[in-house]
A.B. asks: 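Submitted below is the structure of interest, expressed as C-alpha cells.
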Amino acid sequence: MIVCVAVVGHQNNPLYIQSFTDADDALKLHHIVHCSLDVVDERVNNPKKSGPTLNETFLGLLYPTENYKVYGYLTNTKVKFILVTTDLDVRDADVRNFFRRFHAAYVDAVSNPFHVPGKKITSRTFADRVSTIVQSFGLSSAV
C-alpha cells in the first residue's frame, strides 16, 4: 500500500506531498521523504557507485526502513518523485508503471498556464489524478 507520494523541486523544495494514511504520520512521512533526497543526490552525483546510469530516470529502491520502502524517480529537469510504500514485496515493474503515470500527471499539472514554475502544485485535478493512480497501484500493469 502506498502511504506517501511527493514531488520535490530541483532545489529540494517540496512542490507536492500527500500522505494516504489515516493516522497522523504526515510529519514522519515528510521526514522520510526529506531523508531520501540525500540518497537521490548521492546516486545522481556518484553514478559509478550505484546502479542506474545517467539516462535512467527510475532510481529504484532508495532505501528500506523497518516499516517502509522508499523509491525514487528523477525527471530530466531534476524534479524528484518519491514513493513510500508499506509493501515489502513490490515488483519493480509496478513501481516503474506508477512513476510513468505519475510523471504524466505531473506534466499535465505544470503545463497549466496558471501554474507558476517552482511553486507548490495546488491543482485539485492533479490531486484527484494522483489519488486514482495510488488506488490502482499494483492492481494491473496495463492501466
Side-chain angles (χ1 to χ4, degrees), residues 1-47 49-139 141 143:
M1 177 177 117
I2 294 177
V3 293
C4 182
V5 293
V7 178
V8 181
H10 67 279
Q11 295 175 336
N12 289 341
N13 55 322
L15 300 178
Y16 180 82
I17 187 164
Q18 178 66 43
S19 62
F20 297 96
T21 60
D22 296 331
D24 288 333
D25 291 341
L27 186 60
K28 179 169 75 171
L29 294 171
H30 192 83
H31 178 72
I32 289 172
V33 167
H34 184 71
C35 291
S36 68
L37 297 178
D38 293 335
V39 179
V40 170
D41 287 341
E42 181 180 316
R43 289 198 183 175
V44 169
N45 294 331
N46 301 321
K49 290 185 179 179
S50 58
T53 60
L54 288 176
N55 61 356
E56 177 69 40
T57 56
F58 177 64
L59 299 174
L61 179 66
L62 298 178
Y63 69 93
T65 64
E66 190 172 311
N67 300 321
Y68 304 110
K69 277 191 168 182
V70 182
Y71 292 88
Y73 182 93
L74 182 69
T75 68
N76 293 335
T77 57
K78 305 296 184 218
V79 173
K80 301 153 200 82
F81 299 154
I82 307 295
L83 166 69
V84 182
T85 181
T86 57
D87 295 333
L88 300 178
D89 56 347
V90 178
R91 295 182 320 171
D92 269 358
D94 289 339
V95 178
R96 284 179 187 266
N97 184 43
F98 169 83
F99 278 129
R100 182 182 53 78
R101 295 175 65 202
F102 190 73
H103 192 180
Y106 169 77
V107 167
D108 288 345
V110 298
S111 296
N112 183 342
F114 298 108
H115 174 72
V116 179
K119 298 293 182 187
K120 290 191 180 229
I121 300 171
T122 57
S123 168
R124 186 71 202 144
T125 305
F126 178 72
D128 292 342
R129 232 173 125 183
V130 168
S131 294
T132 303
I133 295 168
V134 166
Q135 289 171 357
S136 67
F137 177 72
L139 296 179
S141 58
V143 174

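For the single chain, residues carry numbers from 1 onward in sequence order.
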A.B. asks: Any idea which heavy atoms bring Leu61 and Val70 closest together, and the distance?
C.D. replies: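 Looks like CD1-O, 3.4 Å.
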A.B. asks: Judged by modelled atom types alone, do Thr21 and Ser19 share a side-chain donor-acceptor pair under 3.5 Å?
C.D. replies: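 Note: Thr21 and Ser19 side chains miss the donor-acceptor criterion.
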A.B. asks: Once rounded to the nearest 0.5 Å, what's the spacing between atom OH of Tyr106 and atom OG1 of Thr77?
C.D. replies: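 Between Tyr106 OH and Thr77 OG1, I get 5.0 Å after rounding to 0.5 Å.
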A.B. asks: I would like to know whether Phe126 and His115 meet side chain to side chain contact (heavy atoms under 4.5 Å, CB included); could you show each step before the answer?
C.D. replies: CA-CA 12 Å; Phe126 178 72; His115 174 72; over 6 Å; no
A.B. asks: Does the pair Phe98 and Ile2 meet the rule for a side chain to side chain contact (heavy atoms under 4.5 Å, CB included), with working shown?
C.D. replies: CA-CA 11 Å; Phe98 169 83; Ile2 294 177; 3.8 Å; yes
A.B. asks: Distance from Phe81 atom CZ to Leu59 atom CG, nearest 0.5 Å?
C.D. replies: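 CG of Leu59 is found 11.5 Å from CZ of Phe81.
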A.B. asks: For a quick test of reading the model, state the closest non-hydrogen atom pair linking Ile133 to Ala105 and the distance between them.
C.D. replies: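 That closest heavy-atom pairing would be CD1-CB, 4.2 Å.
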A.B. asks: Would you say Asn12 and Lys80 are linked by a side-chain donor-acceptor pair, where the criterion is simply a distance under 3.5 Å?
C.D. replies: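 The answer is yes; a qualifying pair exists.
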A.B. asks: How long is the gap from CD on Gln18 to CD1 on Ile121, to the nearest 0.5 Å?
C.D. replies: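 Here the interatomic distance stands at 12.0 Å.
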A.B. asks: Kindly write out the residues that satisfy ring-ring contact (aromatic ring centres under 6.0 Å, His included) with Tyr71, not counting sequence neighbours, or none if the list is empty.
C.D. replies: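 Testing Tyr71 for ring-ring contact (aromatic ring centres under 6.0 Å, His included), a comparison that skips the adjacent residues, returns none.
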A.B. asks: Tell me whether His103 at atom NE2 has more than 12 heavy atoms from other residues, nucleotides or ligands lying less than 6.0 Å away.
C.D. replies: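 Enclosed.
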A.B. asks: For the residue pair Phe99 and Phe58, does the interplanar ring angle fall in the parallel (under 30°), tilted (30 to 60°) or perpendicular (over 60°) class?
C.D. replies: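 The rings of Phe99 and Phe58 sit tilted, inter-plane angle from 30° to 60°.
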A.B. asks: Could you tell me which non-hydrogen atom of Gly60 sits nearest to which non-hydrogen atom of Arg43, and how far apart they are?
C.D. replies: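 Looking at all heavy atoms of both residues, the closest pair is C-NH1, 4.3 Å.
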A.B. asks: How far apart are the closest heavy atoms of Val33 and Ser36, and which atoms are they?
C.D. replies: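 So the two residues come closest at O-OG, 2.5 Å.
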A.B. asks: I need the minimum non-hydrogen distance between Tyr63 and Ile32, along with the two atoms involved.
C.D. replies: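 Heavy atoms of Tyr63 and Ile32 come nearest at OH-O, 3.0 Å.
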A.B. asks: Go through it in stages, so that I can follow the logic: the residues are Tyr68 and Asp25, the test is side chain to side chain contact (heavy atoms under 4.5 Å, CB included), and I'd like the CA-CA distance, side-chain angles, deciding distance and then a yes or no.
C.D. replies: CA-CA 12 Å; Tyr68 304 110; Asp25 291 341; 3.9 Å; yes
A.B. asks: Rounded at 0.5 Å granularity, tell me how far CD1 in Ile82 sits from OH in Tyr73.
C.D. replies: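 With rounding to 0.5 Å, CD1 (Ile82) is 12.5 Å from OH (Tyr73).
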A.B. asks: Check step by step if side chain to side chain contact (heavy atoms under 4.5 Å, CB included) holds for Val95 and Phe137.
C.D. replies: CA-CA 8 Å; Val95 178; Phe137 177 72; 4.2 Å; yes
A.B. asks: Nearest 0.5 angstrom please: Ile17 CD1 to Lys120 NZ, how far?
C.D. replies: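 Spacing of CD1 (Ile17) from NZ (Lys120) equals 8.5 Å.
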A.B. asks: Is it true that, when you exclude His34 itself, more than 12 heavy atoms of the residues, nucleotides or ligands shown sit nearer than 6.0 Å to its NE2?
C.D. replies: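 Open: at most 12 neighbouring heavy atoms sit under 6.0 Å from NE2 of His34.
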A.B. asks: Working to the nearest 0.5 Å, report the span between CG of Asn46 and CG of Asp41.
C.D. replies: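 CG of Asp41 is found 10.0 Å from CG of Asn46.
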A.B. asks: Tell me the closest heavy-atom pair linking Met1 and Phe20, and the distance in Å.
C.D. replies: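 Looks like CE-O, 4.0 Å.
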